[in-house]
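Everything below concerns the one structure shown next.
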Number of protein chains: 2
Amino acid sequence: MESLVSNIQIQVQDSLFVKDPQSSDLGKKIIKGSIELICELGFEQFTFKKLAVKISSTEASVYRYFESKNMVLLYLSNWYWSWLEYRIVFTITNLPSAEDQLLKAVHLLTEQVNEDGNFEHINEIKLHQIVVSESLKSYLSKDVDSKNEGGAFVPYKNLVERITQLILQINPQFKYPHMLISTVIEGAHLQRHFATHLPRLTDIIEGEDAVTEFYSQIVFKAIQ
Amino acid sequence: MESLVSNIQIQVQDSLFVKDPQSSDLGKKIIKGSIELICELGFEQFTFKKLAVKISSTEASVYRYFESKNMVLLYLSNWYWSWLEYRIVFTITNLPSAEDQLLKAVHLLTEQVNEDGNFEHINEIKLHQIVVSESLKSYLSKDVDSKNEGGAFVPYKNLVERITQLILQINPQFKYPHMLISTVIEGAHLQRHFATHLPRLTDIIEGEDAVTEFYSQIVFKAIQ
DNA sequence: TATTATTGATAGTTTTACTATCAATTTTGC
DNA sequence: GCAAAATTGATAGTAAAACTATCAATAATA
């Protein structure tokens, strides 16, 4: 997966930003700095003031790119979902059977990201950690409905829909494909979070990726 | 389930409050008001100032009971988990088989709460909604480790452990019981949240509790 | 009745989440 | 290469949140 994305760019809907952060140096520094700071401090402790100091800019300048830190989180999440969908499509396109495709997709949905370096201003490993620990907060906030109307969750829905179609190819009768996939995605994130912070809520097995193994089993048992 | 709890009280660990809110009228008003306000405004918009106005008290008085609004959320979550574990134990104790017990437990873990009235100061329906939409934020905050050391997640872990033991009774070889149960609990909450706000991420079926149905199937297929 | 605990009232601090203004600098169009 | 336009930085300011501190009034208790 190293060199395949060397000249593609992930586009994020323009309703999420005031000015496209991928269109300028400062914008890219805002993205890069946000990823590092949110990862380091957590979303609650992350502020535009701290970000501005980190990237040697000013609060006012950051506000010229993003309306609020919530929008930054949405931007980062959506970038991640688009990137993940791209990787899934790229990876499974030539696989022979729908089963193989689904298995591979579930792997990509649930595995730990440990590659970086395809995008200068985005550390994919840290971004994955942010999505694991912070992205749910966007859905769980009270303004989820207005954000949703503004299209804030489209990439996520697209991803879920794409895997849903794979499932329905295998078993057109299965009644809960969306539920299954969103359970797998969010469940895998939570389990990774629990593995680090609340191990008694999960089952960590030495030398094996229990999260991916578990959810792969769940998916195939569920749809049969 | 109506009258069985008429004179029991759910105890919450005293590390979560400064002064036990169940020990005074003001304390109970704080709990009652918090449940209503968090439900209405969402956790982010909920403040001690607004709460104080609502219950005709003062900010300073609220702080005499709780260190912060995060502690209130933890208190409410833990009250809920203890209450739920109590209901599960009470309900399944006399069921003949471990399978019946597990099935019933999964129902209680995943169903919508629609009874109220066992506790004067706690609206169980609204509390359930809070747990669905807000409780994850306690695990997902950066201070999860220090909270965990202080025992903030003990009731939740106990609940997961209890159902884990049920699963292991049925299949002692099953490798991922904790993962399965925490996936079911949090998954069910998320699906209920999605059903209201992001329906394209779930599968709502007219006249049927798809959430409970889905997770019951998942559990029994997974452990076989 | 004296003591203690509880609550209310008020005030104050620091930080966050913004908005506004203006000058300096860089980019772009011609 | 120069004028106009856009971008950024610097600074200042506001409103609300998240506390802490103090003191008086009231209620509980010994």
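Here the structure is a predicted model, which is why all the values come from computation and not from measurement. By convention in this document, chain letters (A, B, ...) are assigned in the order of the sequence lines, proteins followed by strands, and residues within each chain are numbered from 1.
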Would you kindly give the CD1-to-C1' distance between B:Ile55 and C:dT7, to the nearest whole Å?
11 Å
Rounded to whole Å, the CG-P distance (B:Asp20 to C:dT6) equals 12 Å
A:Tyr65 side chain near D:dT8 phosphate (N/O to OP1/OP2, under 4.0 Å)
yes
Whole angstroms only, please: what is the CZ-P distance between A:Phe66 and C:dT19?
16 Å
Do A:Lys69 and A:Phe43 meet the cation-pi criteria used here (NZ or CZ under 6.0 Å from the six-membered ring centre, within 45° of the axis)?
yes
Would you say the side-chain atoms of A:Thr212 and A:Glu111 include a donor-acceptor pair closer than 3.5 Å?
no
Could you check how far CD1 of B:Ile30 sits from C1' of C:dT7, rounded to whole Å?
10 Å
In whole Å, what is the span from the NZ atom of A:Lys29 to the C1' atom of D:dG9?
12 Å
N or O in side chain of B:Ser24 less than 4.0 angstrom from C:dT7 OP1/OP2:
yes
After noting the C-alpha distance and the side-chain angles of B:His197 and B:His193, does the key distance pass the ring pair (Phe, Tyr, Trp, His ring centres under 6.0 Å) rule?
CA-CA 6 Å; B:His197 301 286; B:His193 186 82; 4.8 Å; yes
Is a side-chain donor-acceptor pair under 3.5 Å present for B:Tyr215 with A:Thr183?
yes
Whether A:Arg192 and A:Asp209 form a salt bridge (side-chain N of Lys/Arg under 4.0 Å from carboxylate O of Asp/Glu) is what I want to check.
yes
Report the distance from atom CG of B:Asp143 to atom P of D:dA18, rounded to the nearest whole Å.
14 Å
Taking only N/O atoms, report every protein-nucleotides 9-18 of chain C pair under 3.5 Å with atom names and distance.
| from | atom 1 | to | atom 2 | distance (Å) |
| --- | --- | --- | --- | --- |
| C:dC18 | O5' | A:Tyr63 | OH | 3.0 |
| C:dC18 | N4 | A:Glu59 | OE1 | 3.3 |
| C:dC18 | N4 | A:Glu59 | OE2 | 3.4 |

Please list, chain by chain and in numerical order, all residues satisfying side-chain hydrogen bond (donor to acceptor under 3.5 Å, both in side chains) with A:Glu44, sequence neighbours excluded.
A:Lys137
